[in-house]
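Notes follow once the structure below has been shown.
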Amino acid sequence: MSKFLPVDEQMDLLEKGAAEIIRVSDLRERLEESRKTGRPLRVKAGFDPTAPDLHLGHTVLMRKLRHFQQLGHTVIFLIGDFTSLIGDPTGRNVTRKALTRAEIDKNAQTYKQQVFRILDEKATEVRYNSEWLGKLGYEDTVRLTAHFTVSQMLERDEFHKRFQEEQPISLHELLYPVMQGYDSVALQCDVELGGTDQKFNLLCGRELQRHYGQKPQIVLMTPILEGLEGVQKMSKSLGNAIGINEPASEMYGKLMSISDELMWKYWVLLTDLRTSEIEALRADVATGRAHPMEVKKRLALTIVAGFHGEAAARNAAENWARMFQQKRFAGDVEEVRLKLEDFAKEDLREIIERREHFQTGPVQAGGAFLPLKVARLLTDSGLTNSNAEAQRKIKERAVQINGQIWDRVVWPLDASQLVPSADDPSRIEATLRIRLGKKAKIVIIS
RNA sequence: GCACAGGUGGCCGAGCGGUUAAUGGCAGCAGACUGUAAAUCUGCCGCUCCUUGCGAGCUACGGAGGUUCGAAUCCUCCCCUGUGCACCA
């Protein structure tokens, strides 16, 4: 009895959400072989330690790695510390600037921390490609590069385009695919994973392995995940990303904001639901038996739970429903503490000193309001970036204080709301719920 | 090194001596609409201040000077980017 699952079952999981596999038949074959011999496949994916902030787009690949891991194969998490001295030309129309050693180390560290939220750390082999690439001398490098021709390299889209457009291509950039390919040789990989944009690099591995008398690795490419707006690829710099370190409610809200159509791709690439189950859901929505929003809520819940746990995800879901569906305040809106004198309209020292006055008896109309500058309130609490912006929003009637639209410059704080602080009774404080559009804060002023 | 092109608000990109924080597009923010979103429509979209007014002031078109009543726009120098050339050219 093999320790591995039947090949059909393995394939079912591995093929889910894969954009392209070169080749499917080879993969089957090699899975058969591993099942017979009991030798797990060596599965590699390389990462440039350049982007320490991982988002869901990155996790597509990680999740696929985990699938291999779950099936009992060996996953090699390769940190391209050496290759990042060059910078991957993929998806770039300009030469990437090289990183310093210190930056690389720091990034690699952050990378690992985040990656092991998805991968099983104990079952992962972490390697650095400086281990072997750093040892290659000039002679080795020459021999290595001799396996490729210039026109092969220029076939590659990015290079081809840059060549056509008379954009510069640095010589060392041509080495990138070669080095990545050599990684596969050094690690004797059975499978390499990468995004579809990595196709060229991945295929170089096959080429080189042949030259070194190894069986060419199987290449499995994962699709590029579109970001929140559903058009461009998810990327932090485009501002359409969901970071894996984001708070639960943030994640949930962002997921709910994707289009109904994009939702299906997220289901496939970011959850463990079986393909058949996803198809069933899709059919239900198409026939009107399920509401797309409900299905999307389930998606958001599933994904958020994967990162923050079931309880936090449910909590985020409830808050989201309160906030957007009932247009009310969420339960755990961020609290901000501000100092009264920073934004009150006049010097309040004296008024504060007379606070006994406020605490006793009914407040007289007229004399018992503290005029607070609303614009400062918004900016200091972080709802707006500048007072000028805050003033505009006030005029646009976009600001709500304690649930009521407030379009005036000053908010009169009823002195009766200034009460002794719970933590420190010698201080007095007042609590305001301020809202600007989708964002809200609880502001405690004291 | 030489030649050419160019550096404008988050990005792209007009303007090329004079109503003006600077056309337009994208992004962003807010409002309406909706199951959230998208789409659409509307408004906003440098900063500060107040007596919140079609208010006042300040800062902006690579940098520094200069010419002018007045410059993003003209001149000088400098810095930066890109391409080409670098035997014949």
### Task
Between B:G17 and B:A71, how far apart are the P atoms? Round to whole Å, please.
14 Å
### Query
Using atom P of each nucleotide, how far apart are B:G55 and B:G62 to the nearest Å?
29 Å
### Query
So do the side chains of A:K393 and A:E396 get within less than 4.5 Å of each other, counting heavy atoms only?
yes
### Message
Any donor-acceptor pair under 3.5 Å linking the side-chain atoms of A:E192 with those of A:Q180?
### Response
yes
### Message
Both A:H291 and A:T379 contact RNA chain B. Which one's nearest nucleotide lies toward the 5' end?
### Response
A:H291
### Message
Rounding to an integer number of angstrom, what distance separates B:G6 and B:U73 when you compare their C1' atoms?
### Response
16 Å
#### Entry: Integer angstrom distance from the P of B:A14 to that of B:C74
16 Å
### Message
Between A:R66 and A:D120, is there a side-chain heavy-atom distance shorter than 4.5 Å?
### Response
no
### Message
Side chains of A:W411 and A:I434, heavy atoms from C-beta outward: is any pair under 4.5 Å?
### Response
no
### Query
When rounded to the nearest Å, what value does the distance between P atoms of B:C44 and B:C49 take?
22 Å
### Task
Please tell me which of the listed nucleotides, B:C49, B:U52, B:U36, lies nearest to the side chain of A:M293?
B:U36
### Span that lies between the C1' atom of B:G15 and that of B:U34, in whole angstrom
41 Å
With 3.5 Å as the limit, what N/O pairs link the protein to nucleotides 41-43 of chain B?
residue	atom	partner	partner atom	Å
B:G43	N2	A:E396	OE1	3.4

#### Entry: Separation of atom NZ in A:K373 from atom C1' in B:C50, rounded to whole Å
9 Å
### Query
In whole angstroms, how far is the P atom of B:G28 from the CZ atom of A:R392?
17 Å
#### Entry: For the student: nearest non-hydrogen atoms of A:P223 and A:V60, plus distance
O-CG1, 4.2 Å
### Query
For RNA chain B, whose closest nucleotide is more 5', that of A:N385 or that of A:K296?
A:K296
### Message
Please tell me whether A:Q69 and A:T124 have a donor and an acceptor in their side chains that are separated by less than 3.5 angstrom.
### Response
yes
### Query
Is A:E277 atom CD crowded by more than 12 heavy atoms from other residues, nucleotides or ligands, each under 6.0 Å away?
yes
### Query
Between B:C47 and A:N387, is there an OP1 or OP2 to side-chain N/O distance shorter than 4.0 Å?
no
### Query
Are the aromatic rings of A:F47 and A:F77 close, with centres under 6.0 Å apart?
yes
### Task
Rounded to the nearest angstrom, tell me the gap between atom CG in A:L372 and atom C1' in B:U52.
17 Å
### Query
Just the dot-bracket of RNA chain B, please: which string comes out with Watson-Crick or G-U pairs under 3.5 Å, [ ] for crossing, | for another strand?
((((((((.[[[..)..(.....]]].(((((.......))))).(((((..).))))...[[[[[..)....]]]]])))))))....
### Task
Rounded off to whole Å, could you give me the CG-to-C1' distance for the A:D407 and B:A30 pair?
14 Å
### Query
Does the side chain of A:S386 get closer than 4.0 angstrom to OP1 or OP2 of B:U48 through an N or O atom?
yes
### Query
Expressed in whole Å, how much space separates the C1' atoms belonging to B:A60 and B:C45?
16 Å
#### Entry: Rounded distance (Å) that lies between atom C1' of B:G28 and atom CG of A:L436
13 Å
### Task
Check whether any side-chain heavy atom of A:L383 sits under 4.5 Å from a side-chain heavy atom of A:V399, and report yes or no.
no
### Query
Can you check whether A:I394 reaches A:L378 side chain to side chain, under 4.5 Å on heavy atoms?
yes
### Task
Mind calculating the distance between CD1 (A:I394) and P (B:G53) to the nearest angstrom?
13 Å
## Note on the structure
Here the distance between atom C1' of B:A37 and atom OH of A:Y266, to the nearest Å, is 12 Å
### Query
Considering only the C1' atoms, how many Å lie between B:G7 and B:A86, rounded to the nearest integer?
26 Å
### Query
B:U36 phosphate, OP1 or OP2: any side-chain N/O from A:S257 under 4.0 angstrom?
no
### Query
Which one, B:G35, B:G31, B:C50, comes nearest to the side chain of A:Q391?
B:C50
### Message
Determine whether a donor-acceptor pair (one donor, one acceptor, N or O, separation below 3.5 Å) exists between the side chain of A:D260 and the base of B:G35.
### Response
yes
### Task
Could you please spell out the steps behind the side-chain contact (heavy atoms from CB on, under 4.5 Å) verdict for A:N129 and A:M179?
CA-CA 9 Å; A:N129 63 4; A:M179 291 165 132; 5.9 Å; no
### Message
Measure NZ/A:K395 against P/B:G53 and give the value in whole Å, please.
### Response
7 Å
